[in-house]
Protein chains: 2
Amino acid sequence: MLDDRSKQILQAVIQLYISSPGPVGSRAVTKKFPIGLSPATIRNIMSDLEDMGFLRQPHTSAGRVPTDSGYRYYVDALAADRPDPDTEFASELSRKLELIRTDVNSFLDSASRMLSELSHYIGISVSPNAGQTTLSRIELVPYRKNQIAVILITDEAVIRNRIISVDQEMSREDLNRLAGYINERFGGHTLDDIRKTILEEMADERVLCDDLITEAMSICRNVFPVSESDIFISGVSEALTLPDFCDIGRIRGLLRTIEDKHVILSLLEKISETDSPQVFIGSENPLDELKQFSLIAAPYREGSRPIGAIAIIGPTRMNYSQAITLVDITAKFITDIFSYSR
Amino acid sequence: MLDDRSKQILQAVIQLYISSPGPVGSRAVTKKFPIGLSPATIRNIMSDLEDMGFLRQPHTSAGRVPTDSGYRYYVDALAADRPDPDTEFASELSRKLELIRTDVNSFLDSASRMLSELSHYIGISVSPNAGQTTLSRIELVPYRKNQIAVILITDEAVIRNRIISVDQEMSREDLNRLAGYINERFGGHTLDDIRKTILEEMADERVLCDDLITEAMSICRNVFPVSESDIFISGVSEALTLPDFCDIGRIRGLLRTIEDKHVILSLLEKISETDSPQVFIGSENPLDELKQFSLIAAPYREGSRPIGAIAIIGPTRMNYSQAITLVDITAKFITDIFSYSR
DNA sequence: TATTAGCACTCGAACAAGGAGAGTGCTAAT
DNA sequence: ATTAGCACTCTCCTTGTTCGAGTGCTAATA
């Protein structure tokens, strides 16, 4: 669809624009990429590229600027021969992340920091979705009078805890019996399954004749709705150093979206179901307030099951090559951690 | 030091400036606060106030703008007759926060959201400092091969958990014995104390002849350094709607400071040792990058012992009266929650 | 003596005009 | 098919000008 030379020019324009913002003119192209063509020829080609919607002129007699579809073409073409994942990234990542396996959340927090540090854009990571995690065991511990601490231990080292109130005071033995019952009943199931089962059982009143079961159900009902993932965001100040982030209005929109973690969460949950890095360029973004930016996201897995996602948000004038690689490697690395750390 | 009339004028200027930015002139003062003085008189007084350092002229023949010490005087004078805490705040606060007692962190997250929503500035809250918390009980639970989950239960419902690796595989009974030993030994002590004791014991080799003790110590050493508090920040996008936040450079500085949670943490830890809301106006701020903003912070307590802090960051042109009240009430409310919820 | 009215003065914001420069599109030559 | 040349366009920057708000000072006033 695009002849070889046009492709080269498009790529040149985009790379020039990425390395420094501002319309790029025909002369600049010839200077940086001496392909043996004169500015005039370049101009003709650029004009064609504009007709095809890959470039855009801010105004007559300014240089050209890539459009979203220009970037899209560039990224797709790039995908064909993406450079081998830079092993420097990989080693730095693993070195930095190695230290902090103890706590999933601080691990993912560091991951988002790394993403932003290495990309100079905004780094995001989402903690594993509890719903699809399998329950390894539940622990019930007396806490205060009429309160017990419930500790969920799952396969992913994600431990959720919650204090709940109970009607009657319960001894340690009572709690152990209860926990034993719940473990036998639900151990090995996913939290989502458990939640569903509980809802069904609660509806079925016959089961509730047994005190033990009743109590267990009541506890479970209180505890298993816990499934909000945490989300970690870093590097907003870093991103603000870019000349692209000069319009307060846009920044505000972006921040509002980011601060409303639910939005980002549900966005990235969709990502989790896909494979390999997804790239949303400008207007391709599902969220209005992100339409001025680009988002690169990838899921990470435990084994083959996707359990969470990481992402980068940056200007559409983004170093896609580097950013995609970074997201890809990081996701793979986190997958490794979750899959082989047992 | 300041006669009554000058005080009135200063207050008028500040209030006008707070309600809309931009230098305020003598005529504007007479218009909004008809005290029966002509603009000319006001001008003379304002000139005096400028000599005293409470006001400042951006340039000749512009109106006056309050200086940091102007605000300071205003705030101090205000403190004398602060209006009774608005009960509307109080009730809204309690209503919103009532729901979420289950989890300390999400409780404090909501608190920071509320602070920013009600003030339209940036809201911050810090989770209880674990160091001064007393250990209620430790639980050790087998997790995977050679790994155990350690759960710290403290008096504040702050539960910290961590996965640690151990040299040898341990049965449930082993762990129970171990936990029993640790509980008996350290239950009721503050985490800081425990940490100190452990360090001392580790140095003293004689104690280490007993296997049980050795193992316990090794676990404790891994677990008790957990004392980083969490910090919750909301409303950055909200604050960006203010005309004061129009300079990208300043915003970037602010965000950098905020993103580096350690800095804020140690700042607020100092606050924890003080009483009632502290107000830092502009240059009074200890952190350079906050010197363009104002910070209002107050500790919250468990009983009489301060365990954490909340804060608001806004422009120096801040509605101090409202903001101080808000911080004050919120801190008191959180104190109530922590003190009487048992 | 404290206050006020009047007036000249200052300074910034907003707007207009003009020049410089970069880049284009078109046409004719190669 | 490519290129050189040229006229044209548009932004950016600078400069000049006006307008208005607000001051400081001085003289008049209660």
Check your understanding: Picking from C:dT3, C:dC11, D:dT2, which would you name as closest to the side chain of B:Thr41?
Key -> C:dT3

**Study point:** Plane angle bin for B:Tyr74 and B:Tyr320 - parallel if under 30°, tilted between 30 and 60°, otherwise perpendicular
**Key:** perpendicular

Point to revise | A:Ile35 CD1 - D:dT2 P separation (whole Å) | key: 12 Å

Practice item. Go through the side-chain N and O atoms of B:Asp3 and B:Ser6 and say whether any donor and acceptor fall under 3.5 Å apart. Key: yes

Review point. B:Ser38 side chain: which of C:dG25, D:dT3, C:dT4 is closest?
Key: C:dT4

Practice item. Check whether any side-chain N or O of B:Glu284 sits under 3.5 Å from a backbone N or O of B:Ile281 as a donor-acceptor pair, and report yes or no. Key: yes

Review point. Does CZ in A:Arg252 sit with more than 12 non-hydrogen atoms of other residues, nucleotides or ligands closer than 6.0 Å?
Key: yes

Review point. A:His59 NE2 to D:dC10 C1': how many Å, rounded?
Key: 6 Å

**Study point:** Protein-nucleotide distance (A:Asn44, atom CG; D:dA4, atom P), rounded to Å
**Key:** 13 Å

Practice item. Mark yes or no for whether B:Ser69, through its side chain, and B:Arg72, through its backbone, hold a donor-acceptor pair below 3.5 Å. Key: no

Practice item. In whole angstrom, give the distance that lies between atom CD1 of B:Ile42 and atom P of C:dA2. Key: 17 Å

Review point. Is it true that the side chains of A:Ser112 and A:Ser234 contain a donor and an acceptor less than 3.5 Å apart?
Key: yes

Practice item. Could you provide the dot-bracket string of DNA chain C, using ( ) for intrastrand pairs, [ ] for crossing pairs and | for bases paired to another strand, with Watson-Crick or G-U pairs below 3.5 Å? Key: ||||||||||||||||||||||||||||||

Point to revise | Sidechain N-carboxylate O distance under 4.0 Å for A:Arg56, A:Glu50 | key: no

Could you list all N or O pairs between the protein and nucleotides 27-30 of chain C that sit under 3.5 Å apart?
none

**Study point:** Stacked cation flag A:Arg317 on A:Phe293, 6.0 angstrom / 45 deg
**Key:** no

Review point. Side-chain donor-acceptor pair under 3.5 Å between B:Ser237 and A:Glu259, yes or no?
Key: yes

Report each atom pair, protein N/O against N/O of nucleotides 20-24 of chain C, whose distance is under 3.5 angstrom.
residue : atom : partner : partner atom : Å
C:dT24  : OP1  : A:Ser26 : N            : 3.2
C:dT24  : OP2  : A:Ser26 : N            : 3.4
C:dT24  : OP2  : A:Ser26 : OG           : 2.6

**Study point:** B:Asp260 with B:Arg256: basic N within carboxylate O range, under 4.0 Å
**Key:** no

Check your understanding: If you look at every strand shown and take non-hydrogen atoms under 4.0 Å, does A:Gly22 touch a base, only sugar-phosphate, or nothing?
Key -> nothing

Check your understanding: How about B:Arg250: does its CZ atom have over 12 heavy atoms from other parts shown lying under 6.0 Å from it?
Key -> yes

Exercise for review: Would you mind reading off the distance between B:Ile45 atom CD1 and D:dC25 atom P, rounded to a whole angstrom?
Suggested key: 16 Å

